[in-house]
Amino acid sequence: AININKLRDLTGTITIDPGFKNSGSCTSAITFLDGELGILRYRGYAIEDLADQANFLEVSYLLIFGELPTAAQLEQFETDIRKHTLVNEEMKGIIDGFPKTAHPMGVLAALTSALTAFNPKSVNVENEKELYQAVCKTMGKFLVIATWTYRKSMGYPLNYYDNTKGYVENFMNLMFALPTEPYKLSPIVTEALDKLFILHADHEQNCSTSTVRMVGSSHAGLFASISAGVSALWGPLHGGANQAVLEMLEEIHQNGGDTEKYLAKAKDKNDPFRLMGFGHRVYKNFDPRAKIIKKAAKEVLETLGVEDPILEIAKKLEAAALEDEYFKSRNLYPNVDFYSGIIYRALGIPTDMFTVMFAIGRLPGWIAQWKEMRENKEPIGRPRQVYTGSPLREFKKPV
Ligand code: ACO
């Protein structure tokens, strides 16, 4: 095995690799990704099999602890998470301090960070029991506060976790249940959400995960590291793309569905517009998650009887881009978020909550990567630079 602490700069030179396009930051046994062949596996299991046969908590357990849980382990995991779904009442005061118009991702990052204040003790990763408890606490509280960002934006009273329901069912209940009426959930919705969360659960060293590992490498706590991950995820080049995709599709629809015009804009190097939901740093052939989601979007819409012109625009745009020399020569294909928003929309989830959905899905990946980084005793992340500023100058106050 490679001892990462011994991988030192032996030559004295510094390599520059902006965006880390060719630099590995760690070794990891969690997720395998082959961008040329379009392969994604969690702990050795194909993403297609997991999306088809497992549920989100099973996959979370697999990512975090390395093996699929037995039925008893899964039940225990769910019970232990449930025990940690109560959030300090003072947190409500923090939520009240935000304007209703605040973006849910901004509120989520702040609330996750605030959880650090209520849970200041740092986790001893060598103590199995303590680590397990921290995992359950993070999984439990994060789900609840994520849905509170929506309740706040709507001005609704906050809902509490319902112990008679499963984790994914609870998400919809926490979001949409009325005081007198629990949310009526169809199994199709639970299945679709399970799939979406699984597909987003980990993706090796992406921007938000690298951020979680980097912040955690200073031995900052789990909530603080996750909160940094939420902020990194928010950007439109990363998790924020799912919101941007839907806004783009809506705009195309409102402007008469002229996909060619938007394709031309995306190709114009003088126009900053990019086709949102297209392209990926690592997948240069296809994104295996996009294939699963495209199929799921069609199924969900058909089953729920939703006719959405946005789906037709997405299909038209995809077909045109796949035939286009600009996109073909740059290996630009739809990524996971090109179709996810269409499902979220069909489930009644507002557009500005899409990236929060991504964060809920990515949470077990962030936890698993944080845990692995600490267990591997990785050194503090501290990249070098090549200085390009002024040489030594004589100090003189400007007159
Ligand atoms: N639309 C138009 N052109 C694009 C797009 C796009 N969506 N994506 C990349 N390109 C072009 C670039 O302009 C560049 O062209 P050039 O060689 O003529 O200069 C070339 O393709 C390579 O692009 P880079 O930006 O160098 O690729 P990089 O790996 O740095 O970026 C990224 C990947 C950020 C995903 C990019 O493709 C993008 O901005 N896509 C749109 C946003 C998006 O969907 N993000 C979600 C990513 S997946 C996720 O986080 C779940």
Side-chain angles (χ1 to χ4, degrees), residues 16-23 31 33 35-36 38 40 42 47 51 105 195-212 229-249 251-252 259-294 297 314 317-344 351 354-366 369:
I16 294 288
D17 182 10
F20 306 105
K21 293 200 177 192
N22 268 313
S23 297
T31 288
L33 200 166
E36 301 298 322
L40 174 61
Y42 297 160
I47 190 66
M105 279 298 278
K195 227 181 257 260
L196 280 162
F197 287 151
I198 289 170
L199 294 177
H200 284 92
D202 195 52
H203 214 231
E204 52 124 291
Q205 304 314 315
N206 56 83
C207 179
S208 57
T209 303
S210 299
T211 302
V212 169
V230 172
S231 299
L233 186 72
W234 192 5
L237 298 190
H238 188 15
N242 58 11
Q243 173 172 346
V245 169
L246 212 97
E247 284 166 356
M248 174 187 78
L249 295 174
E251 190 187 313
I252 299 175
T259 46
E260 288 303 324
K261 185 176 132 197
Y262 284 83
L263 220 53
K265 261 169 82 63
K267 295 191 288 185
D268 180 355
K269 291 288 162 196
N270 294 319
D271 190 327
F273 174 78
R274 282 188 166 198
L275 207 56
M276 297 317 284
F278 260 75
H280 196 275
R281 171 59 61 78
V282 186
Y283 292 123
K284 297 301 177 197
N285 189 345
F286 67 93
D287 180 341
R289 304 166 300 172
K291 277 194 172 180
I292 301 172
I293 285 201
K294 183 178 178 183
L317 200 58
E318 181 189 352
L322 291 181
E323 288 300 314
D324 192 287
E325 207 35 52
Y326 173 97
F327 290 88
K328 281 207 284 197
S329 64
R330 288 169 179 78
N331 299 317
L332 300 170
Y333 298 91
N335 58 50
V336 65
D337 283 322
F338 193 64
Y339 284 101
S340 63
I342 292 168
I343 306 185
Y344 293 145
T351 314
F354 287 4
T355 315
V356 173
M357 302 295 292
F358 191 154
I360 296 170
R362 184 54 54 90
L363 181 66
W366 286 335
Q369 300 269 353

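Atoms within each ligand, like the ligands themselves, are counted from 1 in listed order.
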>> So, regarding F327 and ligand 1 (criterion: nitrogen or oxygen to nitrogen or oxygen, under 3.5 Å), is there a contact or not?
In response: no
>> I need the contact type for H203 against ligand 1. Using non-hydrogen atoms and a strict under-4.0 Å cut-off, is it side chain, backbone, both or neither?
In response: neither
> Which atoms form the tightest heavy-atom contact between D202 and E204, and what is the distance?
Replying inline: OD2-N, 3.6 Å
>> Ring centroids only, cut at 6.0 angstrom: are F354 and Y344 within range, meaning strictly under it?
In response: yes
>> Which label fits F278 and F327: parallel for a plane angle under 30°, tilted from 30 to 60°, or perpendicular past 60°?
In response: perpendicular
> For atom 38 (C) of ligand 1, which of R274, K284, M276, K267 has the closest heavy atom?
Replying inline: R274
> Which residue supplies the protein heavy atom nearest to atom 48 (S) of ligand 1, what is that atom called, and how far is it?
Replying inline: H280 CD2, 3.6 Å
> Taking heavy atoms and a distance under 4.0 Å, where does L237 meet ligand 1: side chain, backbone, both or neither?
Replying inline: both
> Would you call F338 a ligand 1 contact, heavy-atom distance under 4.0 Å?
Replying inline: no
> Would you say atom 22 (C) of ligand 1 has a protein heavy atom nearer than 4.0 Å?
Replying inline: no
>> If we set the cut-off at 4.0 Å for heavy atoms, which region of R330 has an atom near ligand 1: side chain, backbone, both, or neither?
In response: side chain
>> Distance under 4.0 Å to a non-hydrogen atom of G277: what atoms of ligand 1 satisfy this?
In response: 43 (C), 44 (O)
> If you count the atoms of ligand 1 from 1 in the order shown, which ones are under 4.0 Å from a heavy atom of K21?
Replying inline: 26 (O), 30 (O)
> From L196 CG over to N242 CG, what is the distance, rounded to the nearest 0.5 angstrom?
Replying inline: 10.0 Å
> Within 45° of the ring axis of F338 and under 6.0 Å from its six-membered ring centre, is that where the NZ or CZ of K294 lies?
Replying inline: no
>> Just to be sure I read this right, does ligand 1 sit under 4.0 Å from the backbone of N206, its side chain, both, or neither, counting only heavy atoms?
In response: neither
> Numbering the atoms of ligand 1 from 1, which are under 4.0 Å from a heavy atom of G279?
Replying inline: 35 (C), 37 (O)
>> Can you confirm whether or not the ring centre of H238 sits under 6.0 Å from the ring centre of H203?
In response: no
> What are the atoms of ligand 1, with element, lying closer than 4.0 Å to any heavy atom of D337?
Replying inline: 51 (C)
> Counting only heavy atoms not in K284, do more than 12 sit closer than 6.0 Å to its NZ atom?
Replying inline: yes
> Which atom pair, heavy atoms only, marks the closest approach of V212 to G229?
Replying inline: CG2-CA, 3.7 Å
> Which residue from K265, H200, R281 reaches closest to atom 29 (O) of ligand 1 through any of its heavy atoms?
Replying inline: R281
>> Looking at Y326, I'd like to know if the NZ or CZ of R330 sits under 6.0 Å from its six-membered ring centre while staying within 45 degrees of the ring's axis.
In response: yes
>> Closer than 4.0 Å to some heavy atom of F358 - which atoms of ligand 1 meet that?
In response: 51 (C)
>> Applying a heavy-atom cut-off of 4.0 Å, say which part of V336 lies close to ligand 1: side chain, backbone, both or neither.
In response: side chain
